[in-house]
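Reviewing the structure listed below.
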Protein chains: 2
Amino acid sequence: MPTISKEDYLKSIYTLNLQDDKAVSTSNLAAKLEISNAAISEMSKKLYDLGLISYEKYKGVELTKEGKRIALKILRRHRLWELFMIKVLNLNWDEVHDEAEKLEHHTSDFLIDKIDEYLGFPEFDPHGAPIPSKDGVLPEMPKLIPLNNCEIGRKYQVLRVVDSPSELISYLGRIGMNIHSNIEVVEKLSFDNSIIVMLDNVNHSLSEKVVDKIFVKEIEED
Amino acid sequence: MPTISKEDYLKSIYTLNLQDDKAVSTSNLAAKLEISNAAISEMSKKLYDLGLISYEKYKGVELTKEGKRIALKILRRHRLWELFMIKVLNLNWDEVHDEAEKLEHHTSDFLIDKIDEYLGFPEFDPHGAPIPSKDGVLPEMPKLIPLNNCEIGRKYQVLRVVDSPSELISYLGRIGMNIHSNIEVVEKLSFDNSIIVMLDNVNHSLSEKVVDKIFVKEIEED
DNA sequence: TTTGATTTTTAAGCATGCTTAAATATTATA
DNA sequence: TATAATATTTAAGCATGCTTAAAAATCAAA
Ligand SMILES: [Mn+2]
Ligand SMILES: [Mn+2]
Ligand SMILES: [Mn+2]
Ligand SMILES: [Mn+2]
(Lines give C-alpha, C1' and ligand atoms only; values in the text may rest on other atoms or scores of the structure.)
(Ligands and ions follow the chains in the order given, each with its own letter.)
Protein backbone atom coordinates (compact mmCIF):
# COMPACT_ATOMS: atom_id res chain seq x y z
CA MET A 1 0.00 0.00 0.00
CA PRO A 2 1.23 3.52 -0.80
CA THR A 3 2.00 6.11 1.83
CA ILE A 4 -0.46 8.71 3.10
CA SER A 5 0.85 11.29 0.61
CA LYS A 6 0.55 8.90 -2.29
CA GLU A 7 -3.01 7.96 -1.31
CA ASP A 8 -3.99 11.63 -1.27
CA TYR A 9 -2.33 12.20 -4.64
CA LEU A 10 -4.25 9.33 -6.21
CA LYS A 11 -7.51 10.51 -4.68
CA SER A 12 -6.97 14.04 -5.96
CA ILE A 13 -6.07 12.84 -9.44
CA TYR A 14 -9.28 10.80 -9.47
CA THR A 15 -11.56 13.67 -8.47
CA LEU A 16 -9.86 16.24 -10.73
CA ASN A 17 -10.09 13.82 -13.62
CA LEU A 18 -13.81 13.36 -13.02
CA GLN A 19 -14.39 17.11 -13.35
CA ASP A 20 -13.03 17.39 -16.87
CA ASP A 21 -12.19 14.12 -18.43
CA LYS A 22 -8.56 14.70 -19.45
CA ALA A 23 -5.04 14.34 -18.06
CA VAL A 24 -4.62 16.25 -14.81
CA SER A 25 -2.06 19.05 -14.98
CA THR A 26 0.73 19.52 -12.49
CA SER A 27 -0.51 22.93 -11.40
CA ASN A 28 -4.10 21.75 -10.89
CA LEU A 29 -2.87 18.98 -8.64
CA ALA A 30 -0.54 21.38 -6.83
CA ALA A 31 -3.40 23.78 -6.14
CA LYS A 32 -5.69 21.01 -4.92
CA LEU A 33 -3.09 19.45 -2.61
CA GLU A 34 -1.65 22.83 -1.61
CA ILE A 35 1.95 21.88 -2.32
CA SER A 36 4.51 23.14 -4.85
CA ASN A 37 4.58 22.19 -8.51
CA ALA A 38 8.07 20.86 -7.97
CA ALA A 39 6.79 18.35 -5.43
CA ILE A 40 4.10 17.21 -7.87
CA SER A 41 6.67 16.56 -10.59
CA GLU A 42 8.80 14.48 -8.28
CA MET A 43 5.89 12.47 -6.94
CA SER A 44 4.55 11.91 -10.42
CA LYS A 45 7.75 10.11 -11.32
CA LYS A 46 7.43 7.91 -8.26
CA LEU A 47 3.78 7.05 -8.88
CA TYR A 48 4.63 6.30 -12.48
CA ASP A 49 7.40 3.94 -11.41
CA LEU A 50 4.91 2.22 -9.12
CA GLY A 51 2.56 1.72 -12.05
CA LEU A 52 -0.19 3.82 -10.48
CA ILE A 53 -0.36 6.63 -13.03
CA SER A 54 0.58 7.31 -16.61
CA TYR A 55 2.91 10.26 -16.86
CA GLU A 56 4.67 11.97 -19.71
CA LYS A 57 6.67 15.08 -18.94
CA TYR A 58 4.69 18.26 -19.60
CA LYS A 59 1.60 16.20 -20.42
CA GLY A 60 -0.02 15.71 -17.03
CA VAL A 61 -1.05 12.51 -15.30
CA GLU A 62 -3.84 9.93 -15.41
CA LEU A 63 -4.61 6.97 -13.17
CA THR A 64 -3.86 3.45 -14.29
CA LYS A 65 -6.34 0.71 -13.45
CA GLU A 66 -4.44 -0.07 -10.26
CA GLY A 67 -4.15 3.64 -9.39
CA LYS A 68 -7.89 4.03 -9.81
CA ARG A 69 -8.53 0.98 -7.67
CA ILE A 70 -6.56 2.53 -4.82
CA ALA A 71 -8.17 5.96 -5.29
CA LEU A 72 -11.63 4.39 -5.01
CA LYS A 73 -10.57 2.44 -1.96
CA ILE A 74 -9.53 5.63 -0.17
CA LEU A 75 -12.69 7.42 -1.29
CA ARG A 76 -14.72 4.53 0.10
CA ARG A 77 -13.03 4.88 3.47
CA HIS A 78 -13.45 8.65 3.46
CA ARG A 79 -17.13 8.56 2.67
CA LEU A 80 -18.02 5.72 4.99
CA TRP A 81 -16.26 7.47 7.86
CA GLU A 82 -18.14 10.69 7.13
CA LEU A 83 -21.48 8.95 7.11
CA PHE A 84 -20.60 7.01 10.24
CA MET A 85 -19.60 10.11 12.17
CA ILE A 86 -22.83 11.84 11.24
CA LYS A 87 -25.19 8.91 11.69
CA VAL A 88 -23.67 7.30 14.76
CA LEU A 89 -21.70 9.99 16.56
CA ASN A 90 -24.03 12.87 15.71
CA LEU A 91 -21.43 15.13 14.21
CA ASN A 92 -22.61 17.90 11.93
CA TRP A 93 -22.42 18.08 8.18
CA ASP A 94 -19.43 20.38 8.32
CA GLU A 95 -17.48 18.60 11.06
CA VAL A 96 -16.67 15.33 9.35
CA HIS A 97 -14.54 16.06 6.29
CA ASP A 98 -11.30 16.98 8.02
CA GLU A 99 -11.54 14.00 10.37
CA ALA A 100 -12.22 11.66 7.46
CA GLU A 101 -9.28 13.11 5.56
CA LYS A 102 -7.03 11.64 8.26
CA LEU A 103 -8.89 8.46 9.19
CA GLU A 104 -9.07 7.33 5.54
CA HIS A 105 -5.35 6.51 5.67
CA HIS A 106 -5.43 4.50 8.87
CA THR A 107 -8.34 2.14 8.52
CA SER A 108 -7.91 -1.50 7.57
CA ASP A 109 -10.13 -3.21 5.03
CA PHE A 110 -11.45 -5.31 7.86
CA LEU A 111 -12.50 -2.31 9.94
CA ILE A 112 -14.03 -0.32 7.09
CA ASP A 113 -16.08 -3.37 6.09
CA LYS A 114 -17.43 -3.57 9.65
CA ILE A 115 -18.39 0.09 9.44
CA ASP A 116 -19.99 -0.52 6.06
CA GLU A 117 -21.98 -3.40 7.50
CA TYR A 118 -23.03 -1.36 10.55
CA LEU A 119 -24.39 1.33 8.25
CA GLY A 120 -26.24 -1.22 6.08
CA PHE A 121 -24.04 -0.91 3.00
CA PRO A 122 -25.05 2.66 2.10
CA GLU A 123 -24.67 3.94 -1.47
CA PHE A 124 -24.21 7.66 -0.82
CA ASP A 125 -22.41 9.70 1.79
CA PRO A 126 -23.90 12.67 3.66
CA HIS A 127 -22.88 15.09 0.90
CA GLY A 128 -24.41 12.93 -1.81
CA ALA A 129 -21.15 11.43 -3.00
CA PRO A 130 -21.31 7.82 -4.15
CA ILE A 131 -19.61 5.24 -1.93
CA PRO A 132 -17.59 2.59 -3.77
CA SER A 133 -18.45 -0.95 -2.67
CA LYS A 134 -15.98 -3.38 -1.16
CA ASP A 135 -15.23 -4.43 -4.72
CA GLY A 136 -14.62 -0.88 -5.90
CA VAL A 137 -17.92 -0.53 -7.76
CA LEU A 138 -19.73 2.83 -7.71
CA PRO A 139 -23.51 2.83 -7.31
CA GLU A 140 -25.74 3.89 -10.19
CA MET A 141 -25.83 7.68 -10.15
CA PRO A 142 -28.54 10.04 -11.41
CA LYS A 143 -27.27 12.57 -13.98
CA LEU A 144 -26.29 15.66 -12.01
CA ILE A 145 -26.58 19.25 -13.23
CA PRO A 146 -24.23 21.94 -11.89
CA LEU A 147 -26.43 24.57 -10.23
CA ASN A 148 -24.99 27.30 -12.46
CA ASN A 149 -26.41 25.51 -15.52
CA CYS A 150 -29.96 25.65 -14.15
CA GLU A 151 -32.80 27.65 -15.59
CA ILE A 152 -34.78 30.40 -13.95
CA GLY A 153 -38.21 29.35 -12.74
CA ARG A 154 -37.45 25.63 -12.68
CA LYS A 155 -37.41 23.46 -9.59
CA TYR A 156 -34.55 21.21 -8.62
CA GLN A 157 -33.51 18.78 -5.93
CA VAL A 158 -30.08 19.14 -4.34
CA LEU A 159 -28.26 15.83 -4.77
CA ARG A 160 -24.62 16.66 -4.18
CA VAL A 161 -22.64 19.29 -2.28
CA VAL A 162 -18.87 19.37 -2.30
CA ASP A 163 -17.85 19.00 1.32
CA SER A 164 -14.93 21.37 1.54
CA PRO A 165 -14.23 23.97 2.85
CA SER A 166 -16.27 23.20 5.93
CA GLU A 167 -17.37 26.83 6.39
CA LEU A 168 -19.20 26.57 3.11
CA ILE A 169 -21.38 23.60 3.96
CA SER A 170 -21.78 24.87 7.48
CA TYR A 171 -23.37 27.93 5.87
CA LEU A 172 -25.63 25.79 3.70
CA GLY A 173 -26.71 23.88 6.77
CA ARG A 174 -27.59 27.11 8.54
CA ILE A 175 -29.87 28.29 5.75
CA GLY A 176 -31.51 24.86 5.82
CA MET A 177 -30.09 23.45 2.61
CA ASN A 178 -29.31 19.75 2.73
CA ILE A 179 -29.04 16.79 0.42
CA HIS A 180 -32.53 16.22 -1.08
CA SER A 181 -33.65 19.79 -0.37
CA ASN A 182 -35.94 21.18 -3.08
CA ILE A 183 -35.05 24.58 -4.49
CA GLU A 184 -36.29 26.89 -7.19
CA VAL A 185 -33.96 29.10 -9.21
CA VAL A 186 -35.37 32.61 -8.86
CA GLU A 187 -32.72 34.71 -10.53
CA LYS A 188 -29.26 34.47 -12.07
CA LEU A 189 -27.09 37.55 -11.78
CA SER A 190 -24.67 37.52 -14.68
CA PHE A 191 -22.45 40.32 -13.40
CA ASP A 192 -21.09 38.19 -10.51
CA ASN A 193 -22.44 34.74 -11.42
CA SER A 194 -24.43 34.56 -8.21
CA ILE A 195 -27.82 32.83 -8.12
CA ILE A 196 -30.89 33.50 -6.04
CA VAL A 197 -32.75 30.37 -5.04
CA MET A 198 -35.94 29.83 -3.09
CA LEU A 199 -35.74 27.26 -0.31
CA ASP A 200 -38.68 26.68 2.01
CA ASN A 201 -40.29 29.85 0.64
CA VAL A 202 -37.29 31.98 1.55
CA ASN A 203 -34.97 33.50 -1.02
CA HIS A 204 -31.22 33.06 -0.60
CA SER A 205 -28.47 34.62 -2.65
CA LEU A 206 -25.65 32.19 -3.36
CA SER A 207 -22.29 33.53 -4.54
CA GLU A 208 -20.43 31.97 -7.47
CA LYS A 209 -18.10 30.15 -5.08
CA VAL A 210 -21.08 28.53 -3.38
CA VAL A 211 -22.97 27.78 -6.58
CA ASP A 212 -19.96 25.89 -7.94
CA LYS A 213 -20.21 23.39 -5.10
CA ILE A 214 -23.85 22.42 -5.63
CA PHE A 215 -25.24 19.82 -8.02
CA VAL A 216 -28.91 19.10 -8.59
CA LYS A 217 -31.40 17.18 -10.68
CA GLU A 218 -34.53 18.60 -12.20
CA ILE A 219 -37.79 17.76 -10.48
CA GLU A 220 -40.46 16.45 -12.82
CA GLU A 221 -43.50 18.65 -12.27
CA ASP A 222 -46.80 16.86 -12.27
CA MET B 1 1.34 18.24 19.01
CA PRO B 2 4.19 15.77 18.49
CA THR B 3 4.45 13.46 15.51
CA ILE B 4 3.16 9.88 15.44
CA SER B 5 6.57 8.52 16.42
CA LYS B 6 6.90 10.91 19.33
CA GLU B 7 3.43 10.03 20.58
CA ASP B 8 4.31 6.34 20.57
CA TYR B 9 7.60 7.03 22.38
CA LEU B 10 5.82 8.95 25.13
CA LYS B 11 3.17 6.27 25.48
CA SER B 12 5.80 3.53 25.76
CA ILE B 13 7.81 5.48 28.31
CA TYR B 14 4.65 5.89 30.36
CA THR B 15 3.73 2.21 30.39
CA LEU B 16 7.30 0.99 30.96
CA ASN B 17 7.66 3.44 33.82
CA LEU B 18 4.46 2.12 35.42
CA GLN B 19 5.88 -1.41 35.48
CA ASP B 20 8.89 -0.58 37.61
CA ASP B 21 8.90 2.92 38.91
CA LYS B 22 12.29 4.12 37.70
CA ALA B 23 13.89 5.78 34.68
CA VAL B 24 13.26 3.84 31.47
CA SER B 25 16.41 2.50 29.81
CA THR B 26 17.25 2.95 26.16
CA SER B 27 17.26 -0.76 25.46
CA ASN B 28 13.91 -1.37 27.16
CA LEU B 29 12.35 1.32 25.02
CA ALA B 30 14.08 -0.01 21.92
CA ALA B 31 12.71 -3.50 22.56
CA LYS B 32 9.19 -2.22 23.19
CA LEU B 33 9.12 -0.01 20.09
CA GLU B 34 11.09 -2.51 18.01
CA ILE B 35 13.63 0.01 16.75
CA SER B 36 17.38 0.37 17.27
CA ASN B 37 19.02 1.75 20.40
CA ALA B 38 20.62 4.40 18.25
CA ALA B 39 17.22 5.71 17.20
CA ILE B 40 16.14 5.88 20.84
CA SER B 41 19.16 7.96 21.79
CA GLU B 42 18.49 10.43 19.01
CA MET B 43 14.81 10.74 19.76
CA SER B 44 15.52 11.13 23.46
CA LYS B 45 17.49 14.26 22.70
CA LYS B 46 14.64 15.65 20.67
CA LEU B 47 12.00 14.89 23.28
CA TYR B 48 14.25 16.43 25.91
CA ASP B 49 14.60 19.60 23.84
CA LEU B 50 10.82 19.70 23.55
CA GLY B 51 10.52 19.52 27.33
CA LEU B 52 8.62 16.22 27.22
CA ILE B 53 11.12 14.00 29.04
CA SER B 54 14.04 14.33 31.40
CA TYR B 55 17.13 12.77 29.93
CA GLU B 56 20.69 12.42 31.09
CA LYS B 57 23.07 10.42 28.92
CA TYR B 58 23.40 6.83 30.08
CA LYS B 59 20.73 7.39 32.75
CA GLY B 60 17.51 6.64 30.89
CA VAL B 61 14.43 8.79 30.47
CA GLU B 62 11.37 9.88 32.44
CA LEU B 63 8.31 11.85 31.43
CA THR B 64 7.91 15.47 32.43
CA LYS B 65 4.48 16.69 33.47
CA GLU B 66 3.77 17.77 29.91
CA GLY B 67 5.11 14.49 28.51
CA LYS B 68 2.84 12.55 30.83
CA ARG B 69 -0.12 14.67 29.85
CA ILE B 70 0.42 13.79 26.21
CA ALA B 71 1.02 10.10 26.98
CA LEU B 72 -2.29 9.92 28.85
CA LYS B 73 -4.04 11.69 26.03
CA ILE B 74 -2.87 9.07 23.54
CA LEU B 75 -3.74 6.24 25.94
CA ARG B 76 -7.21 7.74 26.28
CA ARG B 77 -7.68 7.70 22.53
CA HIS B 78 -6.33 4.17 22.24
CA ARG B 79 -8.57 2.74 24.92
CA LEU B 80 -11.71 4.55 23.89
CA TRP B 81 -11.25 3.38 20.31
CA GLU B 82 -10.79 -0.21 21.47
CA LEU B 83 -13.93 -0.12 23.57
CA PHE B 84 -15.85 1.55 20.77
CA MET B 85 -14.84 -1.03 18.19
CA ILE B 86 -15.89 -3.86 20.49
CA LYS B 87 -19.11 -2.34 21.80
CA VAL B 88 -20.39 -0.68 18.67
CA LEU B 89 -18.79 -2.46 15.73
CA ASN B 90 -18.74 -5.92 17.31
CA LEU B 91 -15.07 -6.57 16.82
CA ASN B 92 -13.46 -9.23 18.97
CA TRP B 93 -11.20 -8.76 21.94
CA ASP B 94 -8.14 -9.54 19.87
CA GLU B 95 -9.00 -7.49 16.78
CA VAL B 96 -8.92 -3.99 18.19
CA HIS B 97 -5.42 -3.28 19.46
CA ASP B 98 -3.63 -2.92 16.14
CA GLU B 99 -6.40 -0.72 14.75
CA ALA B 100 -6.31 1.49 17.85
CA GLU B 101 -2.55 1.76 17.61
CA LYS B 102 -3.05 3.66 14.36
CA LEU B 103 -6.28 5.55 15.05
CA GLU B 104 -4.93 6.97 18.32
CA HIS B 105 -2.69 9.32 16.31
CA HIS B 106 -5.36 10.63 13.98
CA THR B 107 -8.29 11.48 16.19
CA SER B 108 -9.05 15.05 17.23
CA ASP B 109 -10.00 15.94 20.80
CA PHE B 110 -13.40 16.84 19.46
CA LEU B 111 -13.98 13.43 17.90
CA ILE B 112 -12.66 11.39 20.81
CA ASP B 113 -14.90 13.33 23.18
CA LYS B 114 -17.88 12.42 21.00
CA ILE B 115 -16.87 8.77 21.19
CA ASP B 116 -16.44 9.08 24.94
CA GLU B 117 -19.90 10.56 25.24
CA TYR B 118 -21.42 7.89 23.01
CA LEU B 119 -19.97 5.20 25.29
CA GLY B 120 -21.22 6.96 28.42
CA PHE B 121 -17.82 8.08 29.72
CA PRO B 122 -16.50 4.59 30.52
CA GLU B 123 -13.73 4.14 33.09
CA PHE B 124 -12.14 0.93 31.79
CA ASP B 125 -11.37 -0.44 28.37
CA PRO B 126 -12.15 -4.00 27.23
CA HIS B 127 -8.86 -5.30 28.61
CA GLY B 128 -9.42 -3.71 31.98
CA ALA B 129 -7.10 -0.78 31.39
CA PRO B 130 -8.16 2.52 32.94
CA ILE B 131 -9.29 5.24 30.54
CA PRO B 132 -8.00 8.74 31.34
CA SER B 133 -10.76 11.35 31.39
CA LYS B 134 -10.87 14.39 29.12
CA ASP B 135 -8.86 16.15 31.83
CA GLY B 136 -6.22 13.42 31.98
CA VAL B 137 -7.41 11.92 35.26
CA LEU B 138 -7.28 8.14 35.73
CA PRO B 139 -10.20 6.40 37.46
CA GLU B 140 -9.76 4.89 40.91
CA MET B 141 -8.19 1.48 40.41
CA PRO B 142 -8.42 -1.62 42.57
CA LYS B 143 -5.01 -2.96 43.66
CA LEU B 144 -4.03 -5.55 41.06
CA ILE B 145 -2.03 -8.71 41.74
CA PRO B 146 0.10 -10.27 38.98
CA LEU B 147 -1.23 -13.78 38.44
CA ASN B 148 2.19 -15.29 39.13
CA ASN B 149 2.05 -13.89 42.67
CA CYS B 150 -1.15 -15.73 43.46
CA GLU B 151 -1.55 -18.56 45.91
CA ILE B 152 -2.69 -22.09 45.27
CA GLY B 153 -6.25 -22.80 46.29
CA ARG B 154 -7.37 -19.17 46.35
CA LYS B 155 -9.97 -17.64 44.04
CA TYR B 156 -9.40 -14.52 41.99
CA GLN B 157 -11.18 -12.29 39.54
CA VAL B 158 -9.42 -11.34 36.29
CA LEU B 159 -9.31 -7.55 36.11
CA ARG B 160 -6.66 -6.79 33.55
CA VAL B 161 -5.15 -8.51 30.52
CA VAL B 162 -2.38 -6.94 28.48
CA ASP B 163 -3.80 -6.64 24.98
CA SER B 164 -0.80 -7.52 22.88
CA PRO B 165 0.13 -9.69 21.07
CA SER B 166 -3.34 -10.32 19.74
CA GLU B 167 -2.81 -14.10 19.43
CA LEU B 168 -2.47 -14.23 23.20
CA ILE B 169 -5.76 -12.65 24.09
CA SER B 170 -7.41 -14.42 21.22
CA TYR B 171 -6.37 -17.63 22.98
CA LEU B 172 -7.73 -16.42 26.31
CA GLY B 173 -11.01 -15.60 24.63
CA ARG B 174 -11.20 -19.09 23.17
CA ILE B 175 -10.82 -20.76 26.56
CA GLY B 176 -13.52 -18.43 27.89
CA MET B 177 -11.37 -16.13 29.96
CA ASN B 178 -12.47 -12.52 29.95
CA ILE B 179 -12.30 -9.45 32.12
CA HIS B 180 -14.23 -10.25 35.33
CA SER B 181 -13.88 -14.01 34.89
CA ASN B 182 -13.45 -15.86 38.17
CA ILE B 183 -10.57 -18.31 38.39
CA GLU B 184 -8.99 -20.54 41.00
CA VAL B 185 -5.25 -21.22 41.09
CA VAL B 186 -4.92 -25.02 41.08
CA GLU B 187 -1.21 -25.51 40.75
CA LYS B 188 2.01 -23.59 40.17
CA LEU B 189 4.75 -25.43 38.33
CA SER B 190 8.06 -23.93 39.40
CA PHE B 191 10.16 -25.65 36.74
CA ASP B 192 8.63 -23.58 33.90
CA ASN B 193 6.67 -20.95 35.84
CA SER B 194 3.40 -22.09 34.32
CA ILE B 195 0.19 -22.04 36.30
CA ILE B 196 -2.88 -24.26 36.17
CA VAL B 197 -6.11 -22.39 36.79
CA MET B 198 -9.70 -23.56 36.99
CA LEU B 199 -12.17 -21.57 34.93
CA ASP B 200 -15.81 -22.64 34.73
CA ASN B 201 -14.86 -25.97 36.29
CA VAL B 202 -12.28 -26.68 33.61
CA ASN B 203 -8.53 -26.68 34.25
CA HIS B 204 -6.26 -24.75 31.92
CA SER B 205 -2.50 -24.65 31.90
CA LEU B 206 -1.13 -21.18 31.29
CA SER B 207 2.49 -20.73 30.23
CA GLU B 208 4.75 -18.16 31.86
CA LYS B 209 4.34 -15.84 28.87
CA VAL B 210 0.58 -15.91 29.30
CA VAL B 211 0.64 -15.64 33.08
CA ASP B 212 2.72 -12.46 32.84
CA LYS B 213 -0.07 -10.73 30.96
CA ILE B 214 -2.82 -11.38 33.52
CA PHE B 215 -3.65 -9.35 36.62
CA VAL B 216 -6.28 -10.20 39.18
CA LYS B 217 -7.77 -9.30 42.53
CA GLU B 218 -8.58 -11.72 45.31
CA ILE B 219 -12.20 -12.63 45.77
CA GLU B 220 -13.44 -12.30 49.36
CA GLU B 221 -14.93 -15.66 50.25
CA ASP B 222 -18.06 -15.51 52.36
C1' DT C 1 40.48 -2.40 40.96
C1' DT C 2 41.43 -3.88 36.66
C1' DT C 3 39.52 -6.32 32.86
C1' DG C 4 35.99 -7.74 29.95
C1' DA C 5 31.09 -7.72 28.74
C1' DT C 6 27.21 -4.95 28.08
C1' DT C 7 24.84 -0.79 27.24
C1' DT C 8 24.54 3.53 25.21
C1' DT C 9 25.89 7.14 22.24
C1' DT C 10 27.94 9.06 18.07
C1' DA C 11 28.74 9.02 13.19
C1' DA C 12 27.53 8.31 8.59
C1' DG C 13 24.06 7.15 5.43
C1' DC C 14 19.39 6.47 3.42
C1' DA C 15 14.24 7.10 2.14
C1' DT C 16 10.36 10.14 2.10
C1' DG C 17 8.33 14.31 1.08
C1' DC C 18 8.52 18.77 1.28
C1' DT C 19 10.77 23.74 0.01
C1' DT C 20 12.79 27.68 -3.13
C1' DA C 21 15.43 29.08 -7.10
C1' DA C 22 17.02 28.21 -11.62
C1' DA C 23 16.54 26.04 -16.03
C1' DT C 24 13.74 24.48 -19.67
C1' DA C 25 9.68 23.41 -22.30
C1' DT C 26 5.16 24.77 -23.90
C1' DT C 27 1.69 28.13 -25.26
C1' DA C 28 -0.05 32.41 -26.52
C1' DT C 29 0.58 36.80 -28.73
C1' DA C 30 2.08 39.95 -31.77
C1' DT D 1 7.36 32.78 -36.80
C1' DA D 2 9.84 35.11 -33.35
C1' DT D 3 9.17 36.53 -28.78
C1' DA D 4 7.13 36.90 -24.40
C1' DA D 5 4.41 34.80 -20.81
C1' DT D 6 3.25 30.69 -18.48
C1' DA D 7 3.77 26.01 -16.98
C1' DT D 8 6.70 22.40 -15.72
C1' DT D 9 10.86 20.19 -14.45
C1' DT D 10 15.44 19.98 -12.40
C1' DA D 11 18.63 21.08 -8.80
C1' DA D 12 19.95 21.83 -4.25
C1' DG D 13 18.69 21.74 0.41
C1' DC D 14 16.14 20.59 4.69
C1' DA D 15 13.45 17.93 8.45
C1' DT D 16 12.05 13.52 10.17
C1' DG D 17 13.00 9.06 11.55
C1' DC D 18 14.99 5.17 10.66
C1' DT D 19 19.47 1.97 9.77
C1' DT D 20 24.38 -0.19 10.71
C1' DA D 21 29.06 0.28 12.38
C1' DA D 22 32.30 2.35 15.43
C1' DA D 23 33.40 4.65 19.68
C1' DA D 24 32.71 5.49 24.40
C1' DA D 25 30.73 4.88 28.87
C1' DT D 26 28.99 1.92 32.42
C1' DC D 27 28.60 -2.28 34.94
C1' DA D 28 29.99 -6.78 36.68
C1' DA D 29 33.15 -10.22 38.04
C1' DA D 30 37.37 -11.91 39.26
MN1 LIG E 1 -15.18 14.67 2.61
MN1 LIG F 1 -6.39 12.31 3.29
MN1 LIG G 1 -4.44 -1.84 23.05
MN1 LIG H 1 0.42 4.04 18.02
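In what follows, chains carry the letters A, B, and so on, assigned in the order in which the sequence lines appear, proteins first and then strands, with residues in each chain numbered from 1.
- Minimum atom distance to the side chain of B/Thr3 is reached by D/dG17, of the listed C/dT8, D/dG17, C/dG17.
- Phosphate proximity of D/dA15 to B/Lys46: absent, as no side-chain N or O sits under 4.0 Å from OP1 or OP2.
- D/dT6 atom P lies 16 Å from atom CG of A/Asn28, rounded to whole Å.
- Contact annotation: B/Ser27 does not reach the phosphate of C/dT6 (side-chain N/O to OP1 or OP2, under 4.0 Å).
- Residue A/Phe124 places its CZ atom among more than 12 non-hydrogen atoms of other residues, nucleotides or ligands, all under 6.0 Å distant.
- Distance A/Glu56 CD to D/dT9 P: 11 Å, rounded to the nearest Å.
- OP1 and OP2 of C/dT7 both lie 4.0 Å or more from every side-chain N or O belonging to B/Ser25.
- Regarding contacts with the backbone of C/dT10, a side-chain N or O of B/Lys45 is found under 4.0 angstrom from either OP1 or OP2.
- Formation of a donor-acceptor pair under 3.5 Å by the B/Thr64 side chain with backbone atoms of B/Leu52 is found in this model.
- Residue A/Tyr55 has a polar side-chain atom (N or O) positioned under 4.0 Å from OP1 or OP2 of D/dT9.
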Going 5' to 3' through nucleotides 18-29 of chain D, assign each nucleotide B (protein heavy atom under 4.0 Å from a base atom), S (under 4.0 Å only from sugar-phosphate atoms) or - (no protein heavy atom that close).
-> BBB----SS---
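- Looking at heavy-atom distances under 4.0 Å, B/Ser41 makes contact with a base.
- Considering every non-hydrogen atom in both A/Ser133 and A/Arg76, the closest pair reads C-NH1, 3.4 Å.
- Nucleotide C/dT9 holds its C1' atom 13 Å from the CD1 atom of B/Ile40, rounded to whole Å.
- Judged by distance alone, the side chains of A/His105 and A/Asp8 do bring a donor and an acceptor atom under 3.5 Å apart.
- Using a 4.0 Å cut-off between charged side-chain N and carboxylate O, B/Lys134 and B/Glu117 make no salt bridge.
- Taking atom CD1 on B/Ile4 and atom P on C/dG17, their separation rounds to 13 Å, with Å as the unit.
- Here CE of B/Met177 is found 10.0 Å from CD1 of B/Ile179. Values are rounded to the nearest 0.5 Å.
- B/Tyr55 places no side-chain N or O within donor-acceptor distance of the main-chain N or O of B/Asp49, the cut-off being under 3.5 Å.
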